Number of protein chains: 2
Amino acid sequence: MADGGTKTGAGRVTIRTVAEDAGVSVAAVSKVMRNAYGVSEALRLKVEASIARLGYRPSVAARGMRGQTFTLGVLLVGIDNPILPLIYGGIEGVAEAAGYKIMVGVGAARMQTEARLIEQMLDNRMDGLILVASRIAGDVLERYARQIPIVVVGHHEPSARHFDTVNNDDRQGARIAVGALIDAGHRDIAMLALPHPEDHQANVSPQRERGYREAMAAAGLSSFARIVHMPQPEVPRHAEMTALLSGPDRPRAVFCWSDLDAIPLINVAHELGLRVPADVAVVGYDNSQVAAMPVVGLTSVDQDARGLGEAAARALLSRIGGRSEVSHVILHPRLVCRTSHR
Amino acid sequence: MADGGTKTGAGRVTIRTVAEDAGVSVAAVSKVMRNAYGVSEALRLKVEASIARLGYRPSVAARGMRGQTFTLGVLLVGIDNPILPLIYGGIEGVAEAAGYKIMVGVGAARMQTEARLIEQMLDNRMDGLILVASRIAGDVLERYARQIPIVVVGHHEPSARHFDTVNNDDRQGARIAVGALIDAGHRDIAMLALPHPEDHQANVSPQRERGYREAMAAAGLSSFARIVHMPQPEVPRHAEMTALLSGPDRPRAVFCWSDLDAIPLINVAHELGLRVPADVAVVGYDNSQVAAMPVVGLTSVDQDARGLGEAAARALLSRIGGRSEVSHVILHPRLVCRTSHR
DNA sequence: ATGAAAGCGCTAACAC
DNA sequence: GTGTTAGCGCTTTCAT
């Protein structure tokens with residue numbers, strides 16, 4: 001392997017180097033590093049001086065072999081979903097303030113990859129894990145949760161007992177979105193949803209479908225209700241969307257499970273010469289940056305992504321701190337109105 | 001801390017567990033794990049059976065204390081740049097095929113954060129580092145490169161000696177973009193660039209500025225050449241762009257250093273009632289997903305982001321493998337034509 | 001309050 | 001070809 005290496009080579013400053021420099025024991029240095037109990041002010045000062053002078057940085061690897069690594073693992077499903085940076089920002093803010101580092105694992109939305117990623121984090125001795133928009137089933141997570149504190153964001157598992165969840169109220173968000181469409185005078189409102197998942201109600205799309213149905217029913221519009229499930233992610237959605245908007249029974253309005261599909265839908269409408277919202281109104285979910293662009297002007301549900309991240313980090317830290325009762329946080333979404341729905 | 005823990009607790013399967021189960025020494029197991037030289041087929045089979053049966057996974061932390069971790073660190077500046085997922089995909093493909101894991105560090109574009117991130121990766125005993133769009137100065141990197149193999153993507157340091165670089169030819173890309181504008185009949189072509197960096201020519205924007213000037217000069221249009229530098233990232237660019245497009249000497253065409261600014265510019269034009277490209281033509285750089293949307297239709301330079309990632313990973317692996325001569329890879333960009341430039 | 005020493009799980013010499 | 005063993009840098013009892 002490469003020469004350099006961080007290995008024991010000549011230069012590397014270890015806890016022992018510091019101890020010798022400060023004229024104390026390694027145990028003393030260790031205690032100072034961890035703010036442990038039982039160090040005199042004088043000793044702490046000496047040690048801190050040496051640490052600063054030598055530029056000592058503890059090895060996370062060595063730490064991980066016995067104690068905490070003070071590192072949180074964050075699992076992201078792909079890095080192309082525009083909501084992720086916001087969630088991540090929230091996590092980072094809280095974690096950093098508490099003196100924790102973050103390592104990110106990026107997984108395509110394949111379940112197998114995700115499981116590998118969790119194990120990788122385990123192998124790296126993270127102190128805790130935040131799973132964002134994971135697709136892994138609840139019972140599998142319960143098993144992992146026995147090995148490491150876990151918080152899940154964007155996946156509804158209200159009956160989970162050994163890991164925490166943080167979500168926005170997807171049903172409510174959908175009701176708000178559909179309500180806005182109804183208030184704007186639309187009746188023939190369709191919904192664009194993800195393909196049917198195997199593990200029923202845990203994912204966000206099915207939750208939003210429920211909210212959609214509830215809102216339609218409450219307005220006496222159940223007869224208009226229809227949910228179009230997108231084909232698998234591998235299949236291009238373009239054809240499906242074109243079919244939806246060019247058929248004879250084209251809906252007058254569409255509530256999309258996510259901006260990820262709402263924005264392409266607006267583009268398909270544009271291609272077909274349909275005006276938004278005059279010919280077809282659209283509301284999305286996530287209030288992503290692209291939605292806010294004037295040429296798009298997509299009305300969208302904002303789920304306070306940063307708040308989700310912050311709540312997740314707080315939950316994880318309290319788990320690490322010893323809490324064992326489960327915690328399920330639900331944040332309230334709000335609608336951001338632009339030009340696409342009325 | 002939390003009960004569970006991955007610590008030595010009851011269950012954890014270590015190399016010793018495997019050794020006992022297989023009836024061999026720990027060294028034997030270690031060798032099998034690393035495909036090291038000198039293990040009989042019979043022994044290897046026994047050990048592999050035990051590993052599978054016990055579900056053994058080596059601790060990266062422990063590995064890192066003596067040997068390689070088989071983990072590559074990837075430093076991303078923010079996760080909101082749409083080109084990053086592609087680069088990442090390229091890195092991951094090559095790394096995975098070679099049996100390496102990846103850990104991602106996410107840093108806002110603040111330089112101090114980046115340095116911290118590098119040290120964090122060092123602390124975690126990564127085998128090598130890929131820095132994507134880093135802003136860190138070359139001499140600082142040279143220093144870090146003595147401790148760990150480093151490859152930099154999207155930062156021109158042709159004279160670097162201890163770390164490798166992988167880039168697209170930003171000057172050429174700019175020349176192609178400006179050439180397309182000239183071919184479309186435009187003469188009054190401005191360029192939108194990043195704020196002037198301290199470390200002159202290393203970043204991509206200044207390289208693209210050079211290409212812009214060269215192309216303008218070659219066409220005898222130097223008198224039209226003008227580069228508008230965006231304000232610092234904290235300041236909203238909106239006002240600056242509005243000023244550019246609404247002044248009396250509004251340019252007829254704009255080459256933008258990145259889609260990141262080209263897309264907002266198109267939106268500003270839209271707000272001002274300007275038609276693109278009839279009133280103002282626009283060409284961007286990076287060929288991001290949003291650029292491809294029909295409502296945007298942005299002509300943009302594609303720098304083969306996935307190829308950059310793959311080249312970077314290959315370079316890093318060969319560094320780790322022992323190469324010590326420096327390697328500077330340059331890929332060739334191509335223009336993707338849409339509706340915004342003619 | 002401080003330090004000595006026993007590991008943590010693994011790799012890499014070095015014996016056999 | 002296989003096993004023994006000495007660390008890697010740190011945390012953590014347990015003496016002092």
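Worth saying up front: this structure is predicted, and the values here are computed from it rather than measured. Lettering follows sequence order; numbering is per chain, from 1.
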> Between C:dC10, D:dC10, D:dG3, which one does the side chain of B:A62 approach most closely?
Replying inline: C:dC10

> For B:Q68 and C:dT11, what is the distance between atoms CD and P respectively, to the nearest whole Å?
Replying inline: 10 Å

> Between atom CE in B:M33 and atom P in C:dG9, what is the gap in whole Å?
Replying inline: 15 Å

>> Just the rounded figure in Å: distance from C1' of D:dG7 to CZ of B:R63.
In response: 18 Å

>> If the cut-off is 4.0 Å, is B:R16 near the phosphate of C:dC8, judged by side-chain N/O to OP1 or OP2?
In response: no

> Between C:dA12, D:dT12, D:dG7, which nucleotide gets closest to the side-chain atoms of B:R66?
Replying inline: D:dG7

>> Please check this pair: side chain of A:D127 against backbone of A:F70, looking for a donor-acceptor N/O pair closer than 3.5 Å.
In response: yes

>> Judged by each residue's nearest nucleotide on DNA chain D, which is more toward the 5′ side, B:V26 or A:V26?
In response: B:V26

> When you match B:A27 and A:A42 each to their closest nucleotide on DNA chain C, which lands nearer the 5' end?
Replying inline: A:A42

>> So does A:D164 get a backbone contact from the side chain of A:S327, meaning a donor-acceptor N/O pair under 3.5 Å?
In response: no

> How long is the line joining CG of B:N124 and P of D:dG9, in whole Å?
Replying inline: 15 Å

>> Check the phosphate of D:dT2 against B:S25, side-chain N and O only, distance under 4.0 Å to OP1 or OP2. Yes or no?
In response: no

> So, B:H162 side chain and B:A145 main chain: donor-acceptor pair closer than 3.5 Å or not?
Replying inline: no

> With respect to the side chain of A:S40, which nucleotide from C:dA12, D:dT12, C:dT2 is positioned closest?
Replying inline: C:dT2

> Starting at CZ of A:R12 and ending at C1' of D:dC8, how long is that distance when rounded to a whole Å?
Replying inline: 11 Å

> What nucleotide among C:dG3, D:dT2, C:dA12 has an atom nearest to a side-chain atom of B:K31?
Replying inline: D:dT2

> For the side chain of B:V24, counting heavy atoms from C-beta on, which of D:dG3, C:dG9, D:dC10 is nearest?
Replying inline: D:dG3

> Atom CZ of A:R34 to atom C1' of D:dG9: distance rounded to whole Å?
Replying inline: 13 Å

> Between B:Y37 and B:M65, which has a closest nucleotide on DNA chain D that is more 5'?
Replying inline: B:Y37

> In whole angstroms, how far is the C1' atom of D:dG1 from the CD atom of B:E41?
Replying inline: 13 Å

> So, does A:N167 use its side chain to make a donor-acceptor pair with the main chain of A:H155 at under 3.5 Å?
Replying inline: yes

> Atom CD1 of A:I15 to atom P of C:dA4: distance rounded to whole Å?
Replying inline: 13 Å

>> Tell me if a side-chain donor or acceptor on A:R323 pairs with a main-chain N or O of A:A315 at a distance below 3.5 Å.
In response: yes

> Does a side-chain N or O from B:S59 land closer than 4.0 Å to OP1 or OP2 of C:dC10, or not?
Replying inline: no

